[in-house]
Amino acid sequence: MTGHEKAQGPKHKRDLTRRKVIVAGTGAVVAAGVGGAFAAGAFAGEETPAAGAKTAGTADETCYKLTSETTEGPYYIDADKLRRDVTEDQDGIPLTLRLKVIDADTCKPLANAAVDIWHCNALGVYSGYEAMGSGGGGGGGGGTPPSGSPTGTPTGTPTGSPTGAPPGGGGGGGGHEEPTDDERYLRGTWRTDKKGEVAFRTVFPGWYQGRCVHIHTKVHVNGTWTEAGYEGGTTCHTGQLFFDEASVLATAEVAPYSTNTTTRTTLDEDTIYPGNGTEGGLLKLKYKKGAIAKGVVATLTMGVDPEATQDGTSAG
């Protein structure tokens, strides 16, 4: 590291004070329309919940406590793609992820927040870090995407914190791993609507050595959405989203998950999951019993403190 770099701090740390997504053409305008798209419930081909079914943000949902903060992990790449569909070319069980972000103190929805998600593919590999491999599941890339079309344009700046966990990231504290390639599948950023809601289309994550199945997430507030994208603001929440054991066992019978030979860590064995249910990031899942391969809808309300700064580099 040069003297100049030491004086200013690592690049990924400096970028936390000015986050910016560069979006070509009308991308920012598309982002502004997420509220309507979410309210309609309509990713192409997606089944809407049955009448009376409870999903993230329904009126009978009580105010949540603060959602648990967890480590960022080593493989975060800041605001890399402004899009709802993060699938790209990845094969796997279609997953619709619906999140609602609220102020845990007032229970009011947080509109216009930027929500990041990122996770490994079915074989335990993170985009941007394919050279790191996985916990034994093999290489990344390839496959046929589930229904839905990716949107957005790439940009981005890396940040994060490693763990000493096996390649794939997501464990305890530490520093940041620099990307090894330009792949950016299964990563994206999108805007919450006036109800605090945001929806992503992705695939059910796989697993790698030492970690249970999970998705990373961040919530950024007080920034500005412009024609250039999202600028400034602070990170008020860094967490991980988890899956119940029954659903993970069901996915393990479906290709390409069935080809992942890595020993899987269960939810109870995981050292990062707080063990406190939805407050700790445990998703509510909906899928057809015996036919999980057709797709899963996952929902969660996240209670955050919009005045806090939680970049995930010291949480554990």
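Owing to the predicted nature of the structure, the values given are computational and were not obtained by experimental measurement.
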Under the side chain to side chain donor-acceptor pair (under 3.5 Å) test, residues paired with T217 that sit two or more places apart: none
Qualifying residues under side chain to side chain donor-acceptor pair (under 3.5 Å), relative to E269, sequence neighbours excluded: T266
H119 vs T202, side-chain hydrogen bond (donor to acceptor under 3.5 Å, both in side chains): CA-CA, chis, key distance, verdict: CA-CA 9 Å; H119 62 86; T202 183; 2.7 Å; yes
Full working for side-chain contact (heavy atoms from CB on, under 4.5 Å) between V219 and M302: CA-CA 10 Å; V219 178; M302 299 189 295; 3.9 Å; yes
Qualifying ring pair (Phe, Tyr, Trp, His ring centres under 6.0 Å) pairs with a residue from residues 254-292, counting only residues at least two apart or across chains: F242-Y273
Worked verdict on L97 versus L283 for side-chain contact (heavy atoms from CB on, under 4.5 Å): CA-CA 9 Å; L97 177 64; L283 293 162; 3.8 Å; yes
R201 vs T87, side-chain hydrogen bond (donor to acceptor under 3.5 Å, both in side chains): CA-CA, chis, key distance, verdict: CA-CA 7 Å; R201 179 174 287 284; T87 309; over 6 Å; no
Sequence neighbours excluded, every pair satisfying salt bridge (Lys or Arg N to Asp or Glu O under 4.0 Å) that has a member inside residues 248-267: E245-R264
Listed partners of A111 passing side-chain contact (heavy atoms from CB on, under 4.5 Å), at least two apart: none
Residues forming a side chain to side chain donor-acceptor pair (under 3.5 Å) with N222, sequence neighbours excluded: none
Audit row: E88, R83, salt bridge (Lys or Arg N to Asp or Glu O under 4.0 Å) steps and yes/no: CA-CA 11 Å; E88 291 194 20; R83 58 185 183 177; 2.9 Å; yes
Evaluation steps, side-chain hydrogen bond (donor to acceptor under 3.5 Å, both in side chains), between D311 and T235: CA-CA 6 Å; D311 62 12; T235 303; over 6 Å; no
Stepwise side-chain contact (heavy atoms from CB on, under 4.5 Å) check, V115 with V101: CA-CA 9 Å; V115 178; V101 185; 4.1 Å; yes
Distance-only donor-acceptor check, side chains S68 and N276, under 3.5 Å: yes
Exercise: do T238 and K218 side chains pair donor with acceptor under 3.5 Å: yes
is_close_aromatic(Y76, W118), centroid dist under 6.0 Å: yes
